[in-house]
Amino acid sequence: MDTTKKKRRIALGCEGSANKLGIGIIAHDPVTNEPTVLSNVRHTFVSPPGTGFLPKDTAQHHRAFFVRVAKQALANAGVRPSELDCICYTRGPGMGAPLTSVAVAARTLALLWGKELVGVNHCVGHIEMGRAITGAANPVVLYVSGGNTQVIAYAEQRYRIFGEALDIAVGNCLDRFARTLEISNDPAPGYNIEQLAKKGGRVLLDLPYAVKGMDCSFSGILTRADELAAVMKAGGRGPDGETFTQADLCFSLQETVFAMLVEITERAMAHVGSNQVLIVGGVGCNERLQEMMGAMAAERGGSVYATDERFCIDNGIMIAHAGLLAYETGFKTLLEESTCTQRFRTDEVFVKWRK
Amino acid sequence: MATDTSTATKAAFPCALTLEIPFPDTRLASVALRALRVDKELSPLVHRTLTTVMPSTPSPDVDAGAITPGQEDAVLRVEYKAATNRMLRVAVNSFFDSLALVVEVMQELDEDVVVESHHIRGGGDS
């Protein structure tokens, strides 16, 4: 019997930078470093139609559900606290109060269980989980969510931002338009826009197209979309002289913003010499975006990688995975320094675990 | 963090409140202290001091003068000083929210509690 058999490394990760509270437990094989998802539990704070989620209410939601979600994660994984190597939490970026509410609980767990803490960058969490699940070797990453829109490529131990949204994230544009249309936020506003868009396609309404070099801008498009929504409600006509519907608006908005994302992603691919794209973040669940990106990548002789909603929507397992990768290189966060920050650039992280 | 009791401070932050929260033992009071003191107060017009102290009144079934081991500093003491009553109220309410979370986590997820609840679930863990 091999009594020197190395133990697998296990981490618990806590995520709450927006309206999703996620706690996950991951294991890394001691020999192959292969990651295994032991549990991935999430609870989403959904606000009523026509509203968005505010920091105070979101933090309250996370505090109310933390214990429940944590217990479920431990039970699903069948893991005892003593077996954990570290407790990982989202340091940032994101909304202040929600981030801090989760950090307070994570600190308490670390102190009760005698474990070290690892503060994780939310964007790096998405990237590392996308890489792990899809096996994409060295893709250009499009990170698109309600809070972030970045085109990222790895170089010399940093995730470099090649292009980004200059004002609001593409997901924010979609979420706020969902409020204008007063469609449901359950399970997510973007999901409901996607379903409505599938019923459109008869007419492409005229919206601004705002790519600026490697970057893009969405607030002007949102303003124009809101104006068109008001025209629609007043029974006005579209460019072809016919009335138009919510579905037409959703279709037109998606086609416009997704084409912009494909353009800036392609620009980065040309710059870097890559033909692989990895899409991460909540907006990455969108099948139309995946389809449009796939068409562009295929033209370049490449392909698109995407994960399903378990991993592209904010979750705790990505925090556990990225945190454990860092912890294994000797990184940790002292308790006294385990604060949160609303602004945390993706390239601030030293990616020591990659060459 | 040293408490500043100069008259200048008292004049600038006239609204004050001190809370003493008893914990079952020193370990848990210390966990609460360390978890809660990391985050700074958001407003410069609010000062907060967090310490652990001895219970001011011993529990009734203990001899006066005899302190039970593990009970020495089992009380979490918070002192708030703010420029206005409104700021004091906001800061203290927020503190209570965080404190309630810390206490719930202790109650439900401390090491011995979690293992116990796994067993009650009927051996579901592998």
Side-chain angles (χ1 to χ4, degrees), chain A residues 12 14 16 23 25 38-39 55-57 59-84 87 89 91 96-97 99-115 117 119 333-342, chain B residues 1 21 23-43 46 48 50-52 73-74 76 78 89-126:
Chain A
L12 180 142
C14 311
I23 300 181
I25 301 179
L38 298 181
S39 64
K56 186 171 167 177
D57 306 324
Q60 194 171 357
H61 165 268
H62 293 350
R63 283 191 297 263
F65 280 88
F66 186 91
V67 164
R68 229 171 305 191
V69 173
K71 281 171 112 166
Q72 193 66 58
L74 283 165
N76 290 358
V79 156
R80 282 172 164 61
S82 55
E83 297 175 71
L84 297 170
I87 310 284
Y89 76 99
R91 179 182 194 85
L99 279 168
T100 306
S101 68
V102 174
V104 167
R107 280 177 218 140
T108 309
L109 287 179
L111 287 164
L112 288 173
W113 297 346
K115 302 293 170 186
L117 277 167
T333 304
L334 295 176
L335 187 98
E336 299 72 39
E337 294 168 9
S338 65
T339 49
C340 297
T341 174
Q342 290 186 236
Chain B
M1 192 172 125
I21 300 117
F23 281 82
D25 58 39
T26 307
R27 170 182 171 258
L28 291 174
S30 171
V31 167
L33 171 73
R34 296 179 66 194
L36 291 168
R37 71 179 174 190
V38 177
D39 302 303
K40 287 192 185 50
E41 284 298 318
L42 291 173
S43 169
V46 177
R48 179 197 72 209
L50 269 170
T51 53
T52 53
D73 285 338
L76 179 69
V78 196
R89 179 170 46 83
V90 168
V92 170
N93 281 344
S94 172
F95 175 79
F96 272 129
D97 288 338
S98 299
L99 175 68
L101 175 62
V102 168
V103 169
E104 193 192 352
V105 171
M106 287 176 174
Q107 211 164 336
E108 303 284 331
L109 287 166
D110 206 349
E111 223 166 341
D112 49 356
V113 179
V114 163
V115 174
E116 219 180 85
S117 63
H118 274 191
H119 288 150
I120 288 168
R121 212 177 298 276
D125 47 5
S126 47

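Within every chain, numbering begins at 1; the chains are lettered A, B, ... in the order of the sequence lines, protein sequences first and strands thereafter. Just so it is clear, the structure is predicted and the values come from calculations on it, not from any experiment.
- In this structure, the separation between CZ on Arg37(B) and CZ on Arg107(A) is 11.0 Å, given to the nearest 0.5 Å.
- Rounding to the nearest 0.5 angstrom, the gap separating the NZ atom in Lys56(A) from the CG atom in Asp97(B) is 8.0 Å.
- Closest of all the heavy-atom pairs between Ser98(B) and Val104(A) is O-CG1, 4.3 Å.
- A pairwise comparison of heavy atoms in Leu111(A) and Ala35(B) identifies CD1-N, 3.8 Å as the closest pair.
- Ranked by non-hydrogen atom pairs under 4.5 Å with chain A, the options Asp39(B), Val102(B), Leu28(B) are led by Asp39(B).
- Between Phe66(A) and Leu101(B), the shortest heavy-atom distance links the atoms CB-CD1, 4.2 Å.
- With hydrogens and angles disregarded, a donor-acceptor distance shorter than 3.5 Å links the side chain of Arg27(B) to the backbone of Leu112(A).
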- Task: Might you work through the side chain to side chain contact (heavy atoms under 4.5 Å, CB included) test for Lys71(A) and Leu109(B), ending with a clear yes or no?
- Result: CA-CA 7 Å; Lys71(A) 281 171 112 166; Leu109(B) 287 166; 3.7 Å; yes
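- Across all non-hydrogen atoms, the minimal contact from Glu108(B) to Val67(A) is CB-CG1, 3.5 Å.
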